[in-house]
*Asks:* 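Have a look at this one before I ask anything.
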Protein chains: 2
Amino acid sequence: MTGKKLTLQLDFHSGLPIYTQIVNQIQSQLVNGILKPGDQLPTVRALALELRVNFNTVARAYRILDEARIISTQQGRGTYITEIPPPEISEKLRRESLASLTQRFISEAFRLGFSEREVSQMVRDSLKLVLSRVEASRKEAADNDSK
Amino acid sequence: MTGKKLTLQLDFHSGLPIYTQIVNQIQSQLVNGILKPGDQLPTVRALALELRVNFNTVARAYRILDEARIISTQQGRGTYITEIPPPEISEKLRRESLASLTQRFISEAFRLGFSEREVSQMVRDSLKLVLSRVEASRKEAADNDSK
DNA sequence: TCCTTTATTGTACTAATTGTATCATTGTCA
DNA sequence: TGACAATGATACAATTAGTACAATAAAGGA
């Protein structure tokens, strides 16, 4: 059995869809620090059992949260809160998380024998590539909107 | 006990299956000379114990590498890096492994909400930091030699 | 030396756990 | 009553774990 215990209060007569209530409450627990990045959520079946709803309803909520990049669901593995630092964290913490991410990357690259020059060149190239892809998908979305 | 010590970094909620991460990292260590033809890898059980995964997960990774002719697994003997390095192990592959490492880093940073500017600045800073540390330890070694 | 036994190692097959996809059912509201 | 949204049922796919087995090597004794 996996996944953190999750205490949710559903109101079956509120008019709000169950999956919306699940989405909202997970989101608010994340904002309030009850859930933290990296936490594993209950499985769709376990949470469904506890809430006495169909597991597809939980799956739907999880899918919405996944599309919002709030959680990451992985078939056969489980679902996890993503590591995105909440927007309200301090700039200092934010920088630290980028610094540690970067240091992991660089030390791995060095361990693999790449030089400073190779690493910085590859970072430049990759950034360029990613940005051009972002640009392209933004354009595509605009096209879809206009048609 | 057999098999070279193997340093692998697993991320259990990266979305990538464990066996894929094992495959990728062994491949990149080979391409970059950390593993050499003829080296014996840890046994499926030993590596599994160290990584805290089921040994079948390691076996699956080894099977994939075996099918790619990168390693040779022999029942009752162990697992070895193939003596004849596949012809495609070349500068090209080496560059590709850096590219994929870099892309993982960048997409993670973007997912965390950092901008291109922040990422490239942090890479510059971190590289500088690492290089200065390398320099310092080289100097210290030289001092020790001379005394 | 040669045979037997035991330990080590990878393999095969199966089961369990987890999320996904699709369609059916239900309920509400215009 | 027809349309649509919400929920449920069922079958499926991906990942990992459990168990038994086969091949090889190493150890030990006749």
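Chain naming here is simple, since letters A, B, ... match the order of the sequence lines and numbering starts at 1 in each. Being a predicted model, the structure only gives us computed values, none of them experimental.
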*Asks:* Starting at the 5' end of DNA chain D and moving along, which residue's nearest nucleotide shows up first, A/Thr57 or A/Arg45?
*Replies:*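 That would be A/Thr57.
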
*Asks:* Quick check: does any side chain N or O of B/Arg95 sit under 3.5 Å from a backbone N or O of A/Met122, one acting as donor and the other as acceptor?
*Replies:*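 No: the side chain of B/Arg95 does not pair with the backbone of A/Met122.
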
*Asks:* Determine: side-chain N/O of B/Thr79 to OP1/OP2 of C/dT9, distance under 4.0 Å, yes or no.
*Replies:*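 Answer no for this pair, as no side-chain N or O of B/Thr79 is under 4.0 Å from OP1 or OP2.
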
*Asks:* Do side-chain atoms of B/Arg104 reach the backbone of A/Phe105 as a donor and acceptor pair under 3.5 angstrom?
*Replies:*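 Answer holds: no.
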
*Asks:* Considering only heavy atoms and no angle criterion, is a donor-acceptor pair shorter than 3.5 Å present between the side chain of A/Asn56 and the base of D/dA6?
*Replies:*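 Looking at the base of D/dA6, it does not pair with any donor or acceptor on the side chain of A/Asn56 (distance under 3.5 Å).
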
*Asks:* How close or far is atom P of D/dC12 from atom CD of A/Gln75, stated in whole angstroms?
*Replies:*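 Rounded to the whole Å, the gap is 14 Å.
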
*Asks:* Could you give the CZ-to-P distance, from A/Phe55 to C/dT22, as a whole number of Å?
*Replies:*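 It is 15 Å, rounded to the nearest whole Å.
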
*Asks:* Which heavy atom in A/Val44 sits nearest to a heavy atom in A/Ala59, and how many Å separate them?
*Replies:*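 Nearest heavy atoms, A/Val44 then A/Ala59: CG1-CA, 3.8 Å.
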
*Asks:* Could you state the atom-to-atom distance from CG of B/Asn54 to C1' of C/dT9 in whole Å?
*Replies:*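 Value for this atom pair: 15 Å.
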
*Asks:* How long is the line joining CD of B/Gln21 and P of D/dT15, in whole Å?
*Replies:*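 Those two atoms, CD and P, are 12 Å apart.
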
*Asks:* Looking only at heavy atoms, what is the nearest atom pair of A/Glu118 and B/Leu98, with distance?
*Replies:*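 Heavy atoms of A/Glu118 and B/Leu98 come nearest at O-CD2, 3.7 Å.
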
*Asks:* Please check if the side chain of A/Thr82 supplies one atom and the backbone of A/Arg69 the other of a donor-acceptor pair under 3.5 Å.
*Replies:*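 Yes; at least one donor-acceptor contact below 3.5 Å.
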
*Asks:* Kindly say if A/Arg77 contacts the phosphate of D/dT16, meaning a side-chain N or O under 4.0 Å from OP1 or OP2.
*Replies:*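 Yes, because at least one side-chain N or O of A/Arg77 sits under 4.0 Å from OP1 or OP2 of D/dT16.
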
*Asks:* If only side-chain N and O atoms of A/Thr73 are considered, is one of them under 4.0 Å from the OP1 or OP2 phosphate oxygen of C/dT20?
*Replies:*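 Yes, A/Thr73 has a side-chain N/O under 4.0 Å of OP1/OP2 on C/dT20.
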
*Asks:* Would you kindly check whether a donor in the side chain of A/Arg63 faces an acceptor in the base of C/dG19, or vice versa, at under 3.5 angstrom?
*Replies:*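 In this structure, the two groups form no donor-acceptor pair.
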
*Asks:* Rounded to the nearest Å, what distance is computed from the CD atom of residue B/Gln40 to the C1' atom of nucleotide D/dT24?
*Replies:*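 After rounding, the reported distance stands at 13 Å.
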
*Asks:* Counting only side-chain N and O atoms of B/Tyr19, is one of them less than 4.0 Å from OP1 or OP2 of D/dT15?
*Replies:*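 For D/dT15, OP1 or OP2 has a side-chain N or O of B/Tyr19 closer than 4.0 Å.
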
*Asks:* Take atom CG of A/Asp11 and atom C1' of D/dA6, then tell me their distance rounded to the nearest Å.
*Replies:*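 Interatomic distance, CG of A/Asp11 to C1' of D/dA6: 16 Å.
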
*Asks:* Mind calculating the distance between CD1 (A/Ile22) and P (D/dG8) to the nearest angstrom?
*Replies:*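 Roughly 10 Å, once rounded to whole Å.
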
*Asks:* Expressed in angstrom and rounded to an integer, what is the separation of B/Leu51 atom CG from D/dA17 atom C1'?
*Replies:*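 Those two atoms, CG and C1', are 15 Å apart.
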
